[in-house]
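All remarks here apply to the structure that follows.
Positions are given from 1, in the same order as the sequence printed here. Nothing here was measured: the structure is a model prediction, and the numbers come from that model. Just follow the structure's listing: the first ligand is 1, and inside any ligand the first atom is 1.
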Amino acid sequence: MSTRCSRAKELGVDNCHEEYEGEKEYCLFHKPEKIGSEANRFYRELIEKDNPQEENGRFIFETMADFTGYIFPRGEDENSEFFKDSEFKSYAIFEDAIFNCDIVFNEATFKSLVTFKEATFEKKVKMRGVNFEEQERKTSFEQADFLESVDFSKASFDGSTNFIAATFEKMVEFTETVFKDSVDFRSSEFKHLTYFKNSIFEDSAIFSQVKFEGGYKTSFEEARFNGIVKFDGGVKFGGVTDFKITYFDKIANFNEAKFQQKVTFKDAKFSGSAIFYMATFEDAAIFYNVNFNETAHFWRTHFKGKSSFDYVNLKKTVNFRKACFSGEVSFKNTLFLCEGGKIGENFRHKDIPWPDFLLEAIKSKSDNKSEEGTFNYKNIAEFSHTTFEGETNFENANFKNQARFEDSSFDDVAIFDKIEFEKMANFLGTKFERSVTFSQSIFRDEVVFHYCGFSQGVVIEPFYRKVMIKQEGKQRIHISEYEEYIIEGEDELRELVKEACEPEERFGTNQALKEAYRVQRITYENEGEKERADEMFVEEMRTRREIKKESGTFFEKLWAYFEKPIADWTCKYGTSWKRVLGMSGLLILFFGGIYWLLNRFTEATIRYINGRTISTSIMGLLDSFYYSIVTFTTLGYGDMHPTGILKLLSAIQSIIGAVFMALLVAVFARKWMR
Ligand SMILES: [Zn+2]
């Protein structure tokens with residue numbers, strides 16, 4: 001069985017106490033459970049061995065201090081502060097050492113290599129304000145075990161630092177700690193409160209596969225990551241997690257991170273890409289007022305609690321493809337600028353499992369063969385295949401570029417009110433299981449609602465319904481069911497009404513307008529609101545006509561001009577029997593008048609069966625109308641017949657009449673028998 005002494009020898013270290021001659025099991029330095037006078041002797045002998053200079057009650061170690069495998073006991077007098085404020089000018093080796101006592105390194109300075117690799121700290125550790133000045137070689141706490149609380153506040157690490165697989169059983173403070181080079185916490189475990197508040201990471205910070213466990217709070221509040229930061233590989237945040245006002249200058253990779261309790265990124269700023277691929281938020285996820293200056297990736301991210309993206313700024317493409325929001329989510333006042341963007345430098349494809357659709361895109365780019373990933377994104381706010389299981393609110397959001405909701409599904413109420421869609425709004429195949437409103441939203445470009453499922457209907461009405469009530473001199477006006485204004489002057493009123501009622505104000509293209517009328521009609525039909533559905537249908541057909549005029553083929557354009565008198569004037573696209581009756585009456589009067597005028601001023605005339613012509617007086621006019629009715633309704637009693645040009649006119653009228661009679665039947669049937 002190897003003792004700590006023999007293990008030190010195996011490591012090629014000769015740091016045993018001189019009394020050790022190979023017969024005893026261990027020497028004084030390596031002896032476990034030293035107490036009382038033995039403990040005091042340990043520190044005395046330590047000073048003798050390394051001969052540090054003493055200056056104002058602190059030690060300066062001029063030569064290498066090798067404490068490999070030492071067991072530091074609890075002495076009688078303040079020995080825990082033995083290393084306080086000390087200075088190590090050469091190597092400081094604490095590898096595999098065990099500290100049985102509180103240990104204080106506050107304000108110590110390590111000028112050269114320092115390692116605490118595999119050291120065990122059984123009691124409290126104070127490293128407040130310690131300067132680790134070595135720059136060439138790694139400062140190491142690899143696999144160190146901290147069994148009690150540890151405080152690295154205001155410590156400064158000038159070189160790269162290694163905390164790989166370290167274990168922190170109690171509270172950890174890295175408050176205001178500065179890491180001037182890279183730091184690696186990979187696979188370490190934090191089992192209690194963890195504070196990285198206001199700490200600064202000048203270079204990369206690796207927290208891959210770290211476990212923040214025990215359900216305690218983890219805080220990176222106001223921390224500053226100037227290099228790449230990785231919280232990937234299934235990092236587990238067991239407690240409430242705080243990234244408030246945290247600044248990420250380069251890529252922040254939270255790939256597959258698991259947040260088991262509430263996490264807040266409120267007021268954080270991501271200057272590089274933010275990647276939350278397949279991350280899981282078990283509880284609330286707060287991204288309130290976060291600035292994403294590069295691409296933001298939430299593809300396949302699962303938000304199980306309530307999540308907020310209110311007032312978020314998304315400068316570059318944002319990707320929520322196949323994400324799932326199980327709880328309520330709001331994107332209120334969010335600005336989707338979405339100006340392209342890329343996954344930038346120092347980020348390798350192998351660092352994240354790329355989703356298939358991106359891999360394909362990368363493969364297809366023959367010039368993009370390098371491992372370094374710079375995949376460029378188009379200007380899209382991507383919510384394709386996203387599942388919104390809770391209430392979703394996008395009120396007041398602003399999509400400066402394309403918004404894509406293809407094949408996504410909204411299981412609860414969805415609110416898209418007062419949104420500005422500057423570019424295409426794509427809801428191809430989107431499923432809305434509950435109601436969805438687009439009240440007062442503005443669509444400046446195309447809108448796609450094809451294959452959309454509206455289970456409980458949509459409110460998108462392309463014009464506002466208005467009710468005006470006069471009240472004590474003031475005008476009160478309701479604009480849609482949602483807003484009410486009280487205004488003073490007539491001019492203001494007129495302006496408001498105009499603003500509220502012009503569909504052009506809300507729909508930049510006729511295509512968008514048509515789409516809006518169409519989906520609104522479908523909703524009204526499903527709700528059984530036939531009258532309003534008809535209204536929408538007429539507007540839809542009229543907008544279709546405009547689209548044909550704008551961009552149809554020659555014949556479509558030609559037809560668009562005939563369509564107006566034939567389909568619209570006559571019967572409002574088959575929705576109005578009153579219009580059919582009215583138009584019939586007008587046509588009868590019109591033709592009657594023509595007959596009378598022609599009878600009076602030309603040779604052509606209408607004759608009774610006995611050959612007499614109708615008179616040119618008022619009685620003649622009545623006869624003309626009678627004849628017009630009989631012709632229009634194709635009754636054809638035969639008691640009157642036309643001559644000359646009137647024969648042709650009568651034929652035309654009877655054809656028109658036949659059409660109108662058929663129309664009347666059709667419109668009536670449609671109106672009352674559906
Ligand atoms: Zn020894």
Show me the donor-acceptor pairs within less than 3.5 Å that the side chains of residues 84-92 make with the rest of the protein, sequence neighbours left out.
residue: Ser86; atom: OG; partner: Phe83; partner atom: O; Å: 2.6
residue: Glu87; atom: OE1; partner: Arg58; partner atom: NH2; Å: 3.4
residue: Tyr91; atom: OH; partner: Arg137; partner atom: NH1; Å: 2.7

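Counting backbone and side-chain atoms alike, His17 contributes no N/O/S atom closer than 2.8 Å to the Zn ion (ligand 1).
Rounded to 10°, the angle formed at the Zn ion (ligand 1) by SG of Cys5 and SG of Cys16 is 110°.
The closest approach of His30 to the Zn ion (ligand 1), by N/O/S atoms, is made by ND1.
For Asp283 and Lys262, the salt-bridge test fails: no basic side-chain N is under 4.0 Å from an acidic carboxylate O. Taking 4.0 Å as the cut-off between side-chain N and carboxylate O, Glu339 and Lys316 do not count as a salt-bridged pair.
Remark: aromatic rings of Phe270 and Phe243 are distant, center separation not under 6.0 Å.
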